[in-house]
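Comments concern the structure below.
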Amino acid sequence: MKKYIYSVLLCLPFFTMAQTLDRTKSPAPAKAPLIQVASPVKFTLANGLQVFVVKNTKLPKVTATLALDVDGFKEGDKAGLADMSGQLLKRGTATKSKAELDEAVEFLGGSLSTSSQSASVSSLKNNFTKLMELMAEVILHPALNVDELEKVRKQTISGIESSKDDADAISNNVMKKLVYGAYHAFGEITTTTTVKAIKVEDVKNFIKTYWIPNNAYLVFVGDIDPANAKVLAEKNFGTWAKGSFTQPIYDKPAIPATTYVAIVDRPASVQSVVSIATTVNLTKGSPNDIPSNVMNNILGGGFSGRLFANLREKHGFTYGAYSSIAPSKQIGMFSAESSVRNEKTDSSIQEILNELNIIRNTKVGDTELSRMKNYLAGGFARSLESPNTIANFALSIAVNHLPADYYQKYLTNLAAVDAQKVQEVATALLNPAKMHIIIVGNAKQIAAGLEKYGPVKYFDIEGNEVAAPTEVKADASLTPAALMEKAIAAVGSKEALDNVKDIQLKGTANLMGQSLEMQKTIVMPGNSVSTMSMGGMAVIRQAVVEGKYSVAQQGQQAPITDDLKETLDESSYLVPEQLYLAKGYGLKIVGAEKVDGKDAIDVEVTTPSKKVSHRFYDAKTFLLVKTSRSEEVPGRGTATQQQYYTGYKVVNGVQISSEMLMDMGQMKINIKYTDIKINQGLKTTDLK
């Protein structure tokens, strides 16, 4: 009996708990733990070089990184010097040419990289000692060769020229110049002019000024004992002479008195790159550091951000919309960005500003806040699995002068962020009434109505203020038919065109760094074959021969629609304008705009199947300079393809464009025909 009573008593507490437990509510979260973040072994060489060692034996591999503690570089009329100096470091030493250095690194099965303020090597443990010697040679005895500088200069200028056609790159350059100011270290733009001004002596002075041991950290990560790391550090960098260096202090950029709109006119754009930005008084480790990160991630930190949900999911203006907030030693920066359809530029700006006001004026909900804090906590926890994290934490604490327990208390401080604090940092850091709104896009299509956000100003691609673009108007007396005749005559006289029986163009197409062979052959009247090949294998082939149409992509035949037939018919004419007049295409002059800086007449062309495209003709020469066509793509909105025609050459009395750029937004194809022949006696049988 006693045993029975004892058993019942044991069950009572559990029975009572089951009766009182409310399963409709989630259990309260546990108190955020203090994280035990391992500390690297630290020591300092006599010359001031601080060394961190993080031992990890999971793989027989070691990485060493030497990092400078510099908060930006003031370069003035030689902007680009820091980056070019970093590139030049690994292009040979006092005893090795670039080729010999590359071969030595490759022989060791390792890697060596340098930048404006860091150098890094990595290899298997057995080869690491020799690789460290190479890194020391690169840093302490660089060749800084004039010929290699010219190669770096050429590559840098090539990159600058390429970025002139990249709306995102243009937006980034103009944004930092306007937000920070042209004379701030963070606002300088590297241009062709500044790069051409850089000399070897400038590079030598840069290295001498900034690459000094008493302003640097050497970090080892991997399968290496601290004692061995100390031997390597002393052996390779112990003789590195100290230098004199004072951290630069920059004037704080002025926040605009009122929000204004900065437009970079880019007539070729079918989308607008919209950025809304401002500087923020935010440093790493400050009271607003972690709360601002929570706030920004809720606003636009990723797919779950409010900007993404609004501009993409709700309104379908864009593929994505994001925001970022970056603390800095001196002045941080906030930006919200998206690439949107031209016709939705105004609406997108309004929605971004709406979201900024909402997060300032309304407390975030508990569920949304909890979800975001859990996401950030999970990312932090996962990062601890990497030994590089320990090294990065130690470096961040040293460089940013953070409390030693900053990362140990990270989860505790993250958990303490509440809705009130999120609203407070949004109010303190984000003021929609005093921001820069930067838009890179077609001013003709987007500018109307933007003045409601503030004064509208215009800038070039280097962030220099310019006059508003003047409206280009077509000659009112010019009829579409007359314009077609002028376009035909611009290509060649009637006699010259009648004399063309066949034409063949051969060249190359550059697509995302890949070079492909291009060939187009036309046999009059109405027969053509175009192929894009790689290594002799046709990637794309499209043809119309004796009334038969075919399009194949990597051997797979595409269905032939009326629209596709019309496209192939156009390709079979040397001068498609002849087809438009002969077949009664709909033609309408709808305006004019600048194409590559020159006035061009915009003609709307409607095919028999009611497909609409636009052709732009130089207002003086009447040569075709651009075509444009837009269509709705299911699930993707409107897609626009533009093609630019340049490099006209006269062959047998006929003007032919030898260079074309096909612009499909994210993808661009540069075509260059180097071999153009007319009247080789080709027949339709040669096309099959």
Side-chain angles (χ1 to χ4, degrees), residues 40-54 62-73 81-98 100-101 104-105 108 110-123 127-145 148-149 200-222 224-248 391-392 394-395 397-399:
V41 174
K42 303 176 184 178
F43 53 87
T44 303
L45 303 189
N47 57 11
L49 179 63
Q50 298 183 57
V51 185
F52 300 159
V53 186
V54 179
V62 188
T63 297
T65 301
L66 188 139
L68 306 183
D69 182 4
V70 184
D71 193 27
F73 303 100
L81 171 61
D83 286 337
M84 290 176 65
S85 298
Q87 293 181 58
L88 196 59
L89 272 175
K90 66 175 182 179
R91 287 178 166 265
T93 69
T95 62
K96 295 179 180 65
S97 66
K98 179 181 182 301
E100 290 170 336
L101 179 61
V105 173
L108 295 172
S111 63
L112 185 155
S113 62
T114 58
S115 70
S116 61
Q117 51 187 317
S118 69
S120 182
V121 289
S122 182
S123 75
N127 294 333
F128 185 71
T129 298
K130 293 182 179 178
L131 202 59
M132 273 293 292
E133 293 174 359
L134 291 177
M135 182 168 81
E137 190 173 348
V138 162
I139 294 171
L140 303 184
H141 307 290
L144 304 182
N145 184 281
E148 291 297 335
L149 174 61
V200 167
E201 286 305 314
D202 299 316
V203 175
K204 291 179 179 179
N205 288 333
F206 176 88
I207 300 298
K208 182 180 179 180
T209 300
Y210 295 105
W211 285 76
I212 55 177
N214 46 309
N215 192 50
Y217 299 87
L218 179 60
V219 182
F220 293 90
V221 178
I224 185 169
D225 291 319
N228 188 26
K230 187 171 186 178
V231 170
L232 289 177
E234 290 281 9
K235 176 183 177 182
N236 291 289
F237 294 104
T239 59
W240 191 5
K242 276 187 176 183
S244 177
F245 178 76
T246 302
Q247 286 288 354
N392 291 335
L395 192 58
I397 289 171
V399 170

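If you take CD1 on Ile397 and CG on Asn392, they are separated by 11.0 Å, rounding to the nearest 0.5 Å. In this structure, the separation between CD1 on Ile139 and CG on Leu66 is 4.5 Å, given to the nearest 0.5 Å. The OG1 atom of Thr65 lies 7.5 Å from the CE atom of Met135; values are rounded to the nearest 0.5 Å. With rounding to the nearest 0.5 Å, the separation of CG in Leu395 from CZ in Phe52 is 6.0 Å.
For Glu137, the salt bridge (charged side-chain N to carboxylate O under 4.0 Å, His left out) criterion is met by Lys96, not counting sequence neighbours. Scored by the side-chain hydrogen bond (donor to acceptor under 3.5 Å, both in side chains) test, Thr114 finds no partners at all (sequence neighbours excluded). Listed by chain and residue number, Phe73, Glu75, Ser116, Phe206 satisfy the side-chain contact (heavy atoms from CB on, under 4.5 Å) test with Ala82 (two or more places apart in sequence, or in another chain). With sequence neighbours left out, the side-chain hydrogen bond (donor to acceptor under 3.5 Å, both in side chains) criterion links Ser118 to Ser115.
Remark: side-chain polar atoms of Gln117 are not paired, donor with acceptor, to backbone N or O of Gly86 under 3.5 angstrom. Side-chain atoms of Asp225 never come within 3.5 Å of backbone atoms of Asn228 as a donor-acceptor pair (strictly under, hydrogens ignored). Side-chain atoms of Glu100 come within 3.5 Å of backbone atoms of Ser97 as a donor-acceptor pair (strictly under, hydrogens ignored).
Phe128 and Val121 make their closest contact through CE1-CG2, 4.0 Å (heavy atoms, listed as atom of the first residue, atom of the second, distance). The two residues Leu89 and Val138 have their closest heavy-atom pair at O-CG1, 3.3 Å. Across Leu108 and Asn127, no two heavy atoms sit closer than the pair O-ND2, 2.9 Å. When all heavy atoms are compared, the tightest approach of Phe43 to Pro226 is CE2-O, 4.2 Å. When all heavy atoms of Gln247 and Asp71 are compared, the closest pair comes out as OE1-N, 3.7 Å. Nearest approach of Val203 to Ser85, heavy atoms of both residues: CG1-OG, 3.6 Å.
If you run side-chain contact (heavy atoms from CB on, under 4.5 Å) between Lys204 and each of Val200, Ile207, Asp202, only Val200 comes through. Between Ser123 and the options Leu134, Val105, Leu131, a side-chain contact (heavy atoms from CB on, under 4.5 Å) holds for only Leu131.
Residue pairs that meet the side-chain hydrogen bond (donor to acceptor under 3.5 Å, both in side chains) test with at least one member in residues 208-218, sequence neighbours left out, do not exist here.
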Under 3.5 Å, which donor-acceptor pairs do the side chains of residues 234-246 form with other protein atoms, sequence neighbours left out?
residue, atom, partner, partner atom, Å
Lys235, NZ, Glu133, OE2, 3.2
Asn236, ND2, Leu232, O, 2.8

